[in-house]
Amino acid sequence: MIKKISCILLAFLSGLCFAKSGLHFVEEDLSFGIKDSVFSVMGVYYFSPDKPMNHLILYPFPDDDLMGEAYNIFVKDMDSKIDIPFKMKKDKSGITFLLNTKKCTSVYIGYKQRLFSDYARYILLSTYSWQEPIKRVEYKLNILDNINITYFSIEPDNQLCLDFGSIYFWQRDNFLPPCDMIFKYKVKDVNDE
């Protein structure tokens, strides 16, 4: 619990520094996946500066006993297609990287976490540290047909059922999330069919 509070406080304080330095977090377009007890996140984050300059970004990971440490982490500048070097925090609760912002900068970030339970979480509450809503968000959750989602912390807008599984969709404008994105799920037993 103390780790969670520390992570939220650090994200909040870091966000205050970013907001004061003239950087705005304006959009995100993310894909989540749950497969073989692994939660994957990948997507594009859009930043808009008041003026071109370098900004230190803190990107947090869920840090609890139900999910493992983040791995297969990558950060890439979408304009230059160049990987952005990052540093893992000592407590493994996030990464930091230097972002050279121009008029509008997009960054592709991805990672995976091992799931030790029937629970996966993506941190959304750090949005409050930016002191303004995100102008636009789009989220997708891809699951195979052997997974049944039993709980959404934020109900999806739509679901597409396919032969191999399902895709859930969310889209929001001027989004200040009420909670983190949490999925609880059950792996279907082959005998259930």
Which residues share a side-chain contact (heavy atoms from CB on, under 4.5 Å) with [X], sequence neighbours left out:
| X | result |
| --- | --- |
| V38 | Y71, K112, R114 |
| D157 | W170, Q171, R172 |
| L66 | D64, S117, Y119 |

Between I134 and Y46, is any pair of side-chain heavy atoms under 4.5 Å apart?
no
I95 side chain near Y111 side chain, heavy-atom distance below 4.5 Å
no
Should F86 and I109 be counted in the same cluster of Ile, Leu, Val, Met, Phe, Trp and Tyr side chains packed under 4.5 Å apart?
yes
Just by modelled atom types, is the I57 backbone N or O under 3.5 Å from a matching donor or acceptor in the T96 side chain?
no
Examine distances only and state if a side-chain atom of K188 and a backbone atom of D145 form a donor-acceptor pair shorter than 3.5 Å.
yes
Sole candidate of I182, L124, D180 that passes side-chain contact (heavy atoms from CB on, under 4.5 Å) when paired with S153:
I182
Classify the ring geometry between [X] and [Y] as parallel (under 30°), tilted (30 to 60°) or perpendicular (over 60°).
| X | Y | value |
| --- | --- | --- |
| F183 | F152 | perpendicular |
| Y59 | Y45 | perpendicular |
| Y108 | F74 | tilted |

Taking CE in M42 as the centre, count heavy atoms belonging to other residues, nucleotides or ligands within less than 6.0 Å. Is the count above 12?
no
Closer than 4.0 angstrom, basic N to acidic O: yes or no for E27 and K135?
no
From E138 atom CD to D173 atom CG, the distance as rounded to the nearest 0.5 Å
9.0 Å
